[in-house]
Amino acid sequence: MARQGDPLLDRRSFLLGSAATLALAPAARATAVSVPRPTRAPGLAAPVEIVDDVHGVPHVRAATIPDAFLGQGYVVARDRLFQIDLAHRRALGRLAEAFGADFAPHDASARLFHYRGDLDAELARVPADVLACARAYVAGINARVDEVALDGALLPPEYAILGVTPLRWDVRDLVLARGAAAGNVDDELRRAQLAALGLLALDAVMAPLRPAAALRVPEGLDVAAVSDADLAALDLGDPPFGPDTPTRDERLDAANAGSNAWTVAPSRSATGRAILANDPHLGLGGFGPRHVAHLSAPGLDVIGAGAPGLPGIMQGHTDRYAFGRTNFQIDQEDLFVLELHPADPERYRHGGGWKAFDTRAVAIPVKGGAPHRATLRHSVHGAVVSHDPARRRATALGSIALQPGASGAFAMIAINLARDWRELDAAFALHPAPTNFHYADVAGNHGWRAIGFTPQRRRGDGLLPVPGDGRYDWTGYRDHRALPSVYDPPEGWFASANQDNLPAGWPRDRVPAHSFRDPYRYERIAAVLATQPRHTLADSVALQHDTLSAPARQLLALLPAGASPALALLRGWDARVDGDSAAAALFEILWRELGRRALAAIVPARARHLVTAIAPAVLLDLLAHPDRRLGADPVGARDALLAAALASAWDRAAVLMGPDARTWRWDRLHRVTIRHPLARIPAIAAAFPPIAGAGSGGDDYTVMARWPGDGPDWRTRGGASYLQVIDVGEWDRSLMLNLPGQSNEPRSPHYGDHYGPWVAGRMLPMLFGRAAVDSHAAARHVLLPAGAR
């Protein structure tokens with residue numbers, strides 16, 4: 001892999017080669033173009049043409065804007081039907097009716113997070129043009145569902161294997177199923193449990209607060225009573241299909257999810273135009289989390305990646321501007337502890353009196369059995385996730401996701417319809433999720449805005465559970481206008497990588513969260529961009545694949561004197577976590593071993609089930625500045641810890657990769673394998689061969705973030721599956737990748753065709769102009785209005 005600072009000959013050659021293919025005469029790129037029979041799609045105003053290019057990207061050409069979104073719904077269902085159908089079933093709480101009684105508790109939990117207000121009133125909040133596009137998207141999904149119902153040969157193989165049929169969709173589903181918001185409720189629980197042990201300060205070992213803040217136990221909270229049971233409805237264990245069963249609730253994936261994005265002004269760009277780069281980091285190994293499409297109609301021209309099942313494009317560009325996104329941090333969840341009435345457990349103390357729960361009995365249909373009956377409770381705070389009359393205790397989860405107007409299902413459409421920075425401001429009012437939104441336009445402007453909804457708390461900071469008696473209730477929420485933004489920054493570039501990017505002096509009472517990530521990726525990005533006065537597209541591609549590790553560089557400076565094979569290998573290393581590097585493999589094993597030993601040294605045994613990891617900055621500081629936590633002789637203890645970890649890591653590497661260190665490589669351990677999420681079912685595994693064969697560089701803290709699993713698992717479990725580098729205004733020079741490919745169908749040529757380029761760090765053309773698309777067309781399809789001849 002080419003390295004930052006090295007001559008980027010190979011990467012530049014590929015980039016130029018990719019762009020050059022667009023200049024070839026159409027005859028030189030001619031391919032056999034398949035044209036299946038037209039599809040009838042109720043709801044269309046006029047015929048829609050779909051042109052699939054050679055990379056599997058559908059280009060939807062419509063006569064009206066809603067028709068373009070209908071086309072998007074159709075193509076995502078065509079390419080990803082089982083993926084969106086299974087996620088939809090889970091969100092609606094309708095798994096048990098298809099798969100049996102074991103799924104019923106998960107259905108009950110999903111229904112607990114359905115919106116309880118007036119669904120029609122929620123839809124009425126949405127601007128009419130946006131709602132029309134959402135209705136059309138749903139109609140497009142249903143058009144494909146109807147099509148496969150008429151021709152079973154079109155059904156993805158999972159349906160015959162599992163004996164199910166796809167659900168039809170309703171636009172009301174988009175405001176009904178909410179899930180939990182992005183928050184820190186698991187952190188709240190851990191802190192309370194540490195406080196009960198008198199060890200609250202140990203939380204900083206695992207999760208240092210950014211920005212810094214003092215942890216205080218809220219008045220009236222009995223920390224000794226807090227337990228894992230307080231999250232009972234959220235802690236049901238793995239779904240019966242297994243831990244990788246797809247879900248819209250990514251709460252448990254939030255520890256690693258992140259992203260990189262940057263914009264470069266024309267004044268610092270070699271092209272004289274703005275550049276926008278973005279690579280969202282999500283879990284890898286199952287269904288691809290993005291689907292790329294191009295939607296065009298009079299008044300609309302947008303291409304990029306969307307989340308399957310969510311209308312609109314999340315990252316990409318219109319004909320006027322490019323846009324990208326990374327996770328911002330807003331604490332959007334709070335856990336409220338409720339005292340139950342001694343004689344009536346269906347009432348709880350609140351506001352100086354007793355309130356009755358809003359209680360609903362549900363009968364969940366179960367395949368082959370009697371309905372599963374459950375009672376769903378809500379307090380004034382939100383969904384009741386535990387209810388324990390024996391202890392006169394319940395807990396409720398306050399979540400932004402369940403607030404009026406917070407479905408988030410319409411935000412991407414509004415963003416796609418906006419024409420400039422000013423119009424985007426109105427679109428952001430529909431966007432509750434915490435996001436760094438990056439922007440660059442054809443006029444040379446670029447900007448960043450933090451967007452999302454922030455709860456307003458009567459008291460408290462959201463860092464620990466709080467009593468639910470009314471003193472700590474939410475009083476509403478603020479939208480994006482309470483968050484920072486930048487337009488045309490004087491540096492000529494702007495980047496975000498989930499670090500604390502609140503401006504200096506930001507008011508403490510408006511800090512939206514204290515959970516910003518380690519700054520290592522951002523610091524590397526900033527160091528590179530600041531030293532490149534003429535940044536190129538190839539530079540952005542190289543930076544997205546940069547493997548320099550700041551923690552590794554700092555650890556190398558702390559290595560002890562002496563001679564050993566491990567020390568010799570590490571001292572000659574450049575701190576780049578490349579796939580072909582033996583030293584990188586040894587470092588990764590050593591890093592994990594150091595963390596394990598440091599935790600054992602500084603965390604009492606009674607708290608090790610709570611403090612299960614050590615933050616990299618904490619580990620490095622402990623090694624650089626050993627203190628009394630390591631005992632009476634901190635320096636000696638540090639040296640012994642390092643020596644033992646080095647020896648253990650060397651031995652472990654030999655077990656994993658053989659005794660000859662010359663054959664060690666990080667990518668021998670850090671393998672990239674894509675399997676069907678239901679591959680534990682033998683028939684599914686047989687029908688969907690894994691996409692595998694390669695390893696990868698990178699880790700949690702490199703710009704090319706590709707993190708390994710926990711424990712003995714070194715597989716690549718997450719990273720950037722979708723990448724884009726956009727030449728703003730010269731759109732056909734833009735580049736993208738979408739792992740593993742556009743289609744989940746093994747019968748499709750796009751089942752895994754992006755896997756090889758992704759592993760190699762090679763980007764593909766992001767075709768946009770009509771001539772470029774037509775000269776690289778692989779298939780054409782027409783959607784016709786119902787009843788049209």
- prompt: So does R675 have more than 12 non-hydrogen atoms from other groups sitting under 6.0 Å from CZ?
  reply: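 It does not: R675 CZ has 12 such atoms or fewer within range.
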
message: Tell me whether R747 at atom CZ has more than 12 heavy atoms from other residues, nucleotides or ligands lying less than 6.0 Å away.
response: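 Result for CZ/R747: enclosed.
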
Would you say the side-chain atoms of [X] and [Y] include a donor-acceptor pair closer than 3.5 Å?
X    : Y    : result
E49  : H59  : no
D279 : H281 : yes
H438 : N278 : no
Y74  : Q72  : no

Beyond-backbone contact of [X] with [Y], side-chain heavy atoms, under 4.5 angstrom:
X    : Y    : value
R37  : V782 : no
V725 : Q544 : yes
I681 : L162 : yes
W731 : H317 : yes

Taking all heavy atoms of [X] and all of [Y], pick out the closest pair and write down the distance.
X    : Y    : result
L767 : D53  : CD1-OD2, 3.7 Å
V728 : L276 : CG2-N, 4.4 Å
Y751 : P689 : OH-O, 3.0 Å
P166 : V148 : CG-CG2, 4.3 Å
G309 : W169 : O-CZ3, 3.7 Å
P298 : A62  : CD-O, 3.6 Å

Nearest 0.5 Å please: distance from the [atom1] atom of [X] over to the [atom2] atom of [Y].
X    : Y    : atom1 : atom2 : value
R89  : F103 : CZ    : CZ    : 11.0 Å
H431 : L424 : NE2   : CG    : 11.0 Å
Y115 : Q403 : OH    : CD    : 8.5 Å
Y722 : L282 : OH    : CG    : 13.0 Å
R144 : D85  : CZ    : CG    : 13.0 Å
H294 : F768 : NE2   : CZ    : 4.0 Å

Any donor and acceptor pair, going by atom type alone, linking the side chain of [X] with main-chain N or O of [Y] inside 3.5 Å?
X    : Y    : answer
D67  : A63  : no
H676 : L678 : yes
Y755 : A694 : yes
S296 : V60  : yes
H754 : H55  : yes
Q742 : V292 : yes
D107 : A96  : yes
E745 : R80  : no
S734 : D727 : yes
H776 : A771 : no

- request: Just do the side-chain contact (heavy atoms from CB on, under 4.5 Å) check on I275 and T263 with the steps written out, would you?
  value: CA-CA 6 Å; I275 293 173; T263 52; over 6 Å; no

Can [X] and [Y] be counted as an ion pair, charged N to O under 4.0 angstrom?
X    : Y    : result
D146 : R168 : yes
R125 : E122 : yes
R780 : D774 : yes
R40  : E147 : no
R78  : D52  : yes
R172 : D120 : yes

F69 vs Y137, ring pair (Phe, Tyr, Trp, His ring centres under 6.0 Å): CA-CA, chis, key distance, verdict: CA-CA 5 Å; F69 282 91; Y137 180 87; 7.7 Å; no

Sole candidate of V145, L86, L154 that passes side-chain contact (heavy atoms from CB on, under 4.5 Å) when paired with L81: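 That would be V145; it is the only one of V145, L86, L154 passing the side-chain contact (heavy atoms from CB on, under 4.5 Å) with L81.
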
